[in-house]
Amino acid sequence: MYMTNQLYCVSDGSFYPDLGRGSHAWIMSDPSLASRLIGAGPVDGDPRLISAYRPELHGILANLIMLRLLTDSYGFPAGALVTLVCDNEAATFELEKLVADRHYHLDPQQTDCDILL
């Protein structure tokens with residue numbers, strides 16, 4: 001995956017409101033899709049409070065955890081590009097705030113604050 005110095009981390013989440021359940025899936029790949037890692041799983045949390053936002057965050061979090069594990073285990077090439085792809089605009093806006101401003105404070109009452117921490 002590190003041969004091209006470019007890595008795509010794509011995730012998606014789904015939510016079934018009638019049951020209060022969600023799931024997420026993720027993939028890490030080079031541009032050619034020749035090398036890839038994939039995963040999926042359930043979304044944890046109180047079924048009464050889960051929204052469509054939480055599964056999206058779980059997918060992003062799974063990609064970030066895997067990226068960290070790979071970096072710790074194998075290093076990361078200088079100049080390599082990592083592109084996170086997510087189709088939930090609200091999730092990306094919140095993450096941009098966290099990355100852009102290291103002093104940004106999350107509201108502890110905010111839904112899904114536990115994942116953003």
Side-chain angles (χ1 to χ4, degrees):
M1 267 199 258
Y2 291 121
M3 298 302 287
T4 63
N5 278 347
Q6 193 169 5
L7 182 66
Y8 289 97
C9 299
V10 181
S11 62
D12 199 8
S14 64
F15 173 62
Y16 189 58
D18 293 343
L19 295 177
R21 292 185 183 173
S23 61
H24 71 277
W26 57 270
I27 183 170
M28 297 177 118
S29 177
D30 64 0
S32 71
L33 296 176
S35 299
R36 61 185 175 266
L37 297 171
I38 58 172
V43 172
D44 65 351
D46 185 335
R48 297 168 297 164
L49 303 175
I50 292 178
S51 67
Y53 182 58
R54 191 171 185 87
E56 296 287 350
L57 290 174
H58 266 258
I60 293 169
L61 180 61
N63 261 321
L64 292 175
I65 290 170
M66 283 304 299
L67 185 60
R68 179 60 187 250
L69 289 171
L70 289 172
T71 301
D72 288 350
S73 298
Y74 302 105
F76 201 75
L81 298 174
V82 175
T83 303
L84 291 174
V85 180
C86 170
D87 66 354
N88 186 299
E89 215 172 23
T92 58
F93 286 154
E94 198 63 34
L95 290 172
E96 284 176 4
K97 290 178 196 174
L98 289 169
V99 171
D101 181 2
R102 62 181 241 196
H103 299 293
Y104 178 71
H105 294 285
L106 291 169
D107 177 0
Q109 298 299 315
Q110 177 181 342
T111 304
D112 308 313
C113 179
D114 59 318
I115 297 175
L116 293 168
L117 293 175

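For the numbers below, each heavy atom of this structure counts, side chains included, while hydrogens, waters and symmetry mates do not. All figures in this text were calculated on a predicted structure; none of them were measured in a lab. Positions are given from 1 along the sequence.
The heavy-atom pair separating Gly13 from Pro55 by the smallest distance is CA-CB, 3.7 Å. The shortest heavy-atom contact between Asn5 and Pro77 is OD1-CB, 3.2 Å. Listed here is the closest heavy atom pair of Val82 and Phe76: CG2-CZ, 3.1 Å.
Only one option out of Leu81, Thr83, Asp30, Leu67 pairs with Leu7 in a side-chain contact (heavy atoms from CB on, under 4.5 Å); it is Leu67. Trp26 pairs in a side-chain contact (heavy atoms from CB on, under 4.5 Å) with only one of the listed residues (Leu61, Leu37, Ile38), which is Leu37.
Once rounded to the nearest 0.5 Å, the distance linking OG of Ser23 with NE2 of His58 reads 10.5 Å. Atoms OH and CG, on Tyr8 and Leu33 in that order, are 10.0 Å from each other to the nearest 0.5 Å. Between the CG atom in Asp12 and the CD1 atom in Ile60 there is a gap of 10.0 Å [rounded to 0.5 Å]. We find the OG1-CE distance between Thr71 and Met66 to be 10.0 Å, quoted to the nearest 0.5 Å. Taken from SG in Cys9 to CD1 in Ile27, the straight-line distance is 10.0 Å, to the nearest 0.5 Å.
Criterion: ILVMFWY side-chain heavy atoms under 4.5 Å apart, direct or through other members. Under it, Leu19 and Ile50 are not part of a common hydrophobic cluster.
Panel note: side chain Arg21, backbone Val43; no donor-acceptor pair is recorded below 3.5 Å. Side-chain atoms of His24 do not come within 3.5 Å of backbone N or O of Glu56 as any donor-acceptor pair.
Proximity of Asn63 to Met28: side-chain heavy atoms (C-beta onward) are separated by under 4.5 Å at one or more points.
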